[in-house]
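Notes to accompany the following structure.
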Amino acid sequence: MNVGVVGAGIVGLAVAREVARSCEATVTVLDKEDHVGAHQTGHNSGVVHAGIYYQPGSLKARLCREGVALLRQYCAEHRIPYDEVGKLVVASTAAERPGLRAIAERARANGVPGIAELDALGLREVEPHTVGVAAVHSPHTAIADFPAVARRLAQDVTETGGSVLLSHPVRALRETASGVEVLAGRRRLAFDRLIVCAGLGTDTVARMAGAVGDVRIVPFRGEYYALAGASKDLVRGLIYPVPDPRYPFLGVHLTRRIDGEVLVGPNAVMALALEGYSWSDIDLTDLRRILAWKGTRRLAAKHWRTGVREVLGSMAKGSFLAAARRYVPELTRADLVRTTGGVRAQAVAGDGSMLDDFAIDVHGRVVLVRNAPSPAATSSLAIARHIVGLTSVLTR
Ligand SMILES: Cc1cc2nc3c(=O)[nH]c(=O)nc-3n(C[C@H](O)[C@H](O)[C@H](O)COP(=O)(O)OP(=O)(O)OC[C@H]3O[C@@H](n4cnc5c(N)ncnc54)[C@H](O)[C@@H]3O)c2cc1C
């Protein structure tokens, strides 16, 4: 069998490796960029989520827990940096206590190990410079080098006889009686099956496959500041707010990264292009499509207040500082320096709701990963098994 995978992000590469290992298939990965992990995989917080937040029984809950175990083992086998720095979810007011308790219950329901509920003193034992009225501690939440994982997965693919074709944008595709023909760059390729893990490019490839569906990708940029100099020492691990249950985003947090940097962010602002990494990245074709989608308009109508607040905050260092000082009051304005951000590929349904769970569709001989936002980097190896486990996909 000859299988094509669109997207050399961590999900596409994990899927390609799994297909090559377990289906004895020849795999070709296609990506439009000149290096692997060029988009979400290379622009995220680097947190290996333990599975705290997700609806019990959902794909996210299951594949995150499975994914953590697989990723920990994979990183150990390949000597990829992985560190269980631990995470605190901190309530800073009494009003946040019920939300915090719900988080602890959910984490236990999802089988997250070592969850502890801490009071104001207990949380300072874990993070001495952090304040709050209470916290949930997840000691096994980790950080890892996701781009290094992606590079190693690409090596696995090529070592098992597959190919990773970079600078090969998929420009057209067509299902035939026996398979799928793909025009990638200047090459015409034929596959028995095609698996699309294109992140921000999902809708474009879905349109080519005639599988538009009732969801669209809306790009939400996440902007970050980094802590400068000695202020990095004020944070040992990961410090998160109690999330607003109305949104799939976790709120601005403090994140120690595997390279020793400490990030403050990300916020969530709608980007003006699918790959809109800054306010000056505007693509009118993308923007027209995003705004023409009824789901975007309904989402905006429901959440415009939060949207306006996020946009104003995006411009102002003060709003990141305020978010960080809520947990680490010793931080000052001079401690925060702007750094690069990422763009989330978030699927939005026609009714304006943001898809909470991972979503995978099978359309003839094409498998489409429709929604793989956080914690998809954490879950990538388990998502790959799940897709291959949809055995009808690879045997029909
Ligand atoms: C700000 C931010 C913070 C995050 N934090 C975390 C975190 O801490 N932990 C976590 O687990 N997850 C986190 N995530 C989510 C995580 O990064 C993503 O879920 C994951 O990287 C998705 O991987 P992917 O392979 O699906 O997508 P991507 O890495 O975006 O890869 C998609 C690939 O498809 C390619 N492509 C698109 N269109 C085409 C085309 N037409 N032809 C060829 N190639 C194409 C792109 O070039 C790209 O390389 C975060 C995401 C963001 C943006």
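First listed ligand is number 1; within each ligand, the first listed atom is number 1. When a residue number appears, it is its place in the shown sequence, counting from 1. These numbers were taken from a predicted model, which means no experiment stands behind them.
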Please evaluate residues Ser58 and Asp356 with respect to the criterion side chain to side chain contact (heavy atoms under 4.5 Å, CB included), reporting the C-alpha separation (whole Å), side-chain torsions for both, the decisive distance (0.1 Å), and the verdict.
CA-CA 9 Å; Ser58 64; Asp356 197 29; over 6 Å; no
Do Leu63 and Leu70 land in one hydrophobic cluster if side-chain heavy atoms of ILVMFWY residues count as linked below 4.5 Å?
yes
Is it true that Phe358 and His386 have ring centroids separated by less than 6.0 Å?
no
Report the hydrophobic cluster partners of Val182, with the cluster defined as I, L, V, M, F, W, Y residues connected by side-chain heavy atoms closer than 4.5 angstrom, directly or transitively.
Val6, Leu30, Leu165, Val170, Leu173, Val180, Leu189, Phe191, Leu194, Val196, Val205, Met208, Val366, Leu368
Connecting only ILVMFWY residues whose side-chain heavy atoms lie within less than 4.5 Å of each other, what is the rest of Leu121's hydrophobic cluster?
none
What pairs meet the ring-ring contact (aromatic ring centres under 6.0 Å, His included) rule with one or both residues in residues 121-167, with sequence neighbours excluded?
none
List, ordered by chain and residue number, the protein residues whose closest non-hydrogen atom lies under 4.0 Å from any atom of ligand 1.
Val6, Gly7, Gly9, Ile10, Val11, Gly12, Leu30, Asp31, Lys32, Glu33, His39, Gln40, Thr41, His43, Asn44, Ser45, Gly46, Val47, His49, Phe146, His168, Pro169, Val170, Cys197, Ala198, Gly199, Gly201, Val205, Tyr224, Gly342, Val343, Arg344, Ala372, Pro373, Ser374, Pro375, Ala376, Ala377, Thr378
